[in-house]
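In each ligand, atom 1 is the first atom listed, and ligand 1 is the first ligand listed.
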Amino acid sequence: MPGLAVIIVGDDPASKIYVRNKKLACETIGIHSEEYALPQDTTQEQLLALVDELNRKKEIHGILCQLPLPKHLDEEAVIHAISPKKDVDAFHPVNVGKIMIGNYDFLPCTPAGVMELIHESGINVAGKECVVVGRSNIVGKPMAMLLLHEHGTVTICHSKTRDLKEVCRRADILVAAVGVPELITGDMVKEGAVVIDVGMNRLENKKLVGDVAFDSAAEKACAITPVPGGVGPMTIAMLMKNTVKAATIHE
Ligand code: NDP
């Protein structure tokens, strides 16, 4: 039976929801899951000791440390400590390098989920103008790489991009992974574009919104993902896929 260990440190409400959803998904499809909820004042040594224990634990094939960690902990050191073979988030430099080369065991869950949505919708990436807004290591950069692997012509935008609207309007496939509520409005979307919204932003009134202003963008798009829904559940589905893959690698 594939086994997934999820580590969560502290009381971040959003992280707690993500961890709960991951656990539920494991239960639904029959993956053994273990949750390690550590207190806010956990030390780096304690966290690394747990990762070390899980790296050696036979029943566990995948290890995930829910980010962000409390500020006093070194995220990079934790990512590096997880065995690349159990790195179901695909954040370890070994797995990041493999993705760059195009010969990988795991894909990071969110970009992989986006690609799955694209494939399932019958959209062919080859030759398309693809614009990714956001260049984080977790979403934007690997997202761009996966689109490139499928022969898209890829542009990556970020906070220093000079004319975001003009670049976005060129996109046949537009992926928003920014973390700014409704930054991408309908006037930034080309007629007939595919719009994929990775953003998950909690407003003060508790409403969850994406990085795309859905209603105005939907008027232009030929296909668009909603928030909530859309990419979020796909991320979890890809985590399950990676855990099963990890179990087969270990055998
Ligand atoms: P980061 O904060 O790490 O990165 C945000 C990126 O957006 C940066 O590259 C930043 O540029 C860029 N950016 C910020 N403001 C602007 C702007 N005004 N114009 C253009 N670019 C801008 O975020 P993540 O990549 O981790 O996450 C992005 C969003 O996706 C968040 O809402 C997050 O909650 C969501 N998310 C959703 C997941 C899911 O399962 N659906 C999973 C992971 C994340 P610069 O590099 O120059 O600072």
Heavy-atom pairs closer than 4.0 Å: do any link ligand 1 to the side chain of Thr161, the backbone, both, or neither? neither

How does Val198 reach ligand 1, if at all, at less than 4.0 Å between non-hydrogen atoms: by side chain, backbone, both, or neither? both

Out of Ser159, Ser136, Pro68, indicate the one that has the non-hydrogen atom closest to atom 24 (P) of ligand 1.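 Among Ser159, Ser136, Pro68, the closest heavy atom to atom 24 (P) of ligand 1 comes from Ser136.
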
Near Asp163 CG, under 6.0 Å, is it more than 12 heavy atoms from other residues, nucleotides or ligands?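 Enclosed.
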
How about Glu76: does its CD atom have over 12 heavy atoms from other parts shown lying under 6.0 Å from it?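 Not buried by this count: 12 neighbours or fewer within 6.0 Å.
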
Out of all atoms in ligand 1, which are within 4.0 Å of some heavy atom of Gly179? Include the element for each.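 It comes down to these atoms of ligand 1: 28 (C), 29 (C), 31 (C), 32 (O).
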
Please list, in number order, the atoms of ligand 1 under 4.0 Å from a heavy atom of Gly232.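 Selected atoms, number and element: 40 (O), 41 (N).
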
How close does the nearest protein non-hydrogen atom get to [atom], and which residue and atom is it?
atom: atom 17 (C) of ligand 1; answer: Leu183 CD2, 3.9 Å
atom: atom 27 (O) of ligand 1; answer: Val139 CG2, 4.4 Å
atom: atom 40 (O) of ligand 1; answer: Thr235 OG1, 2.9 Å
atom: atom 34 (O) of ligand 1; answer: Met200 O, 3.2 Å
atom: atom 22 (C) of ligand 1; answer: Val178 CG1, 3.4 Å

With only distance considered, is Arg135 within less than 3.5 Å of ligand 1 through an N or O on each side?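 By distance alone, the answer is yes.
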
Tyr18 versus ligand 1: do any nitrogen or oxygen atoms come within less than 3.5 Å of each other?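 N/O-N/O distance under 3.5 Å: no.
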
So is [X] touching ligand 1 or not, going by heavy atoms under 4.0 Å?
X: Ile138; value: no
X: Gly140; value: no
X: Ala177; value: yes

pair [X]-[Y]: side-chain heavy atoms closer than 4.5 Å:
X: Val231; Y: Ile196; answer: yes
X: Leu239; Y: Lys22; answer: yes
X: Ile118; Y: Val125; answer: yes

Please give me the minimum heavy-atom distance between Met188 and Leu183, naming the atom from each residue. SD-O, 3.5 Å

So, does Lys220 use its side chain to make a donor-acceptor pair with the main chain of Gly186 at under 3.5 Å? yes

Applying the 4.5 Å side-chain criterion to the ILVMFWY set and letting contacts propagate, would Leu73 and Val51 be lumped into a single cluster?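 Yes.
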
Are a donor atom and an acceptor atom from the side chains of Asn95 and Asp105 found within less than 3.5 Å of each other? no

Is the shortest distance from a Lys or Arg side-chain nitrogen in Asp52 or Arg56 to a carboxylate oxygen in the other one below 4.0 Å?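 A salt bridge links Asp52 with Arg56.
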
